Structure formats: C-alpha cells, structure tokens
Amino acid sequence: MRMSRRAAQAALTAAVLGGSMIVTATPAAAATVAPSCVGRMVTQTTDGFDVLLSNKCGYQVSVRVDVSLAKDSPCYVMSKGTTQLYVYHGILGNYTRTINC
C-alpha cells in the first residue's frame, strides 16, 4: 500500500511540474502571426531562402520573418501597399512564419 501512495505522489508531482512547463512560453512562441493581408512569398535558394513581404492591408504593419535555427529578420515597418525583401543566407535556418513585432 505504501508504494502506491508514493507512486501517486510521484505522478502528481510530475503532472504539476509538466503543467508548469507548458504554461511557460518563450517570447517567440508567444508572438502573434501577421495578419493574412500581409503577403508572404517564400523562395528557396541554393544558399538559403528569400521572403518577399507585401502589405496589402489598409494600414501600416510591423512584421518580421521568424526563422528556425537562426536569427530572425529585423522588424519591418511597412506602409500600406509597400513590399520588403528579406534574404537569408545560411544552411541551418528555415522559414517558419511571419509574425507581428
């Protein structure tokens, strides 16, 4: 009977600790995806990728390209109707998404 109580305590402790890890999010994970009116055209290149961003919204947006395994792009402040080209050179990074900044 004593072992089952310890096992139950261990399971409860694991659940509490595991739940607290889920609640803690990194800043990148907490970032919101850019609105759908921001166009994203991703093109793979021999040494990375390019992302052509276009602001088709009726207002100014601030967005950046989220790159896995490498540094993200700078924050681009784009007036309505403008475009911005982000060029990534490297072998590790991959385009993940475009997020607000």
Side-chain angles (χ1 to χ4, degrees):
M1 191 72 168
R2 194 120 166 101
M3 291 300 276
S4 64
R5 179 177 282 173
R6 285 187 182 172
Q9 287 174 338
L12 179 61
T13 301
V16 169
L17 290 176
S20 67
M21 285 193 244
I22 293 170
V23 173
T24 306
T26 62
T32 57
V33 177
S36 61
C37 56
V38 174
R40 309 133 166 103
M41 187 166 76
V42 181
T43 306
Q44 297 296 320
T45 63
T46 56
D47 63 342
F49 61 90
D50 301 340
V51 181
L52 180 62
L53 301 168
S54 55
N55 183 0
K56 301 174 185 177
C57 306
Y59 50 90
Q60 178 177 295
V61 295
S62 298
V63 295
R64 75 170 183 234
V65 175
D66 186 33
V67 181
S68 66
L69 303 175
K71 186 177 177 183
D72 295 345
S73 77
C75 183
Y76 299 116
V77 179
M78 302 171 58
S79 301
K80 66 179 184 174
T82 60
T83 59
Q84 180 69 46
L85 179 65
Y86 171 68
V87 178
Y88 171 78
H89 295 286
I91 56 172
L92 294 178
N94 292 304
Y95 172 82
T96 305
R97 60 191 175 160
T98 302
I99 57 177
N100 294 314
C101 56

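Quick caveat: nothing in here was measured; it's all calculated off a predicted structure. In this chain, numbering begins with 1 at the start of the sequence shown.
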What is the minimum heavy-atom distance between A31 and R97, and which atoms define it? O-NH1, 3.9 Å
Answer whether the closest heavy-atom distance between the side chains of L53 and T98 falls below 4.5 Å. yes
State yes or no: do I99 and V63 share one hydrophobic cluster built from I, L, V, M, F, W and Y residues joined by side-chain heavy-atom distances below 4.5 Å, directly or via other members? no
Compare every heavy atom of A70 with every heavy atom of G93, then report the nearest pair and how far apart it is. CA-CB, 3.9 Å
Could you list all the ring-ring contact (aromatic ring centres under 6.0 Å, His included) pairs where at least one residue sits in residues 37-72, not counting sequence neighbours? F49-Y88
Once you round to the nearest 0.5 Å, how far does OG1 of T82 lie from CD of Q60? 8.5 Å
Excluding sequence neighbours, so at least two apart, what forms ring pair (Phe, Tyr, Trp, His ring centres under 6.0 Å) with Y76? none
Y86 and D72: which non-hydrogen atoms are nearest, and at how many Å? OH-C, 4.4 Å
Assess the residue pair V67 and Y95 against the criterion (side chain to side chain contact (heavy atoms under 4.5 Å, CB included)); give the C-alpha distance rounded to whole Å, side-chain angles, the decisive distance to 0.1 Å, and a yes or no. CA-CA 5 Å; V67 181; Y95 172 82; over 6 Å; no
Just how far is it from atom OG1 of T46 to atom CD1 of I91, taken to the nearest 0.5 Å? 12.5 Å
Provide the closest heavy-atom pair for N55 versus M78 in the form atom of the first, atom of the second, distance. ND2-O, 3.0 Å
Verify the distance criterion only: is there a donor paired with an acceptor across the side chains of N100 and T32 at less than 3.5 Å? yes
Interatomic distance, D50 atom CG to L85 atom CG [nearest 0.5 angstrom]: 5.5 Å
Enter the distance from T96:OG1 to D66:CG here, rounded to the nearest 0.5 Å. 4.5 Å
Applying side chain to side chain contact (heavy atoms under 4.5 Å, CB included) to V38 and C57, what does each step give before you reach the verdict? CA-CA 7 Å; V38 174; C57 306; 4.0 Å; yes
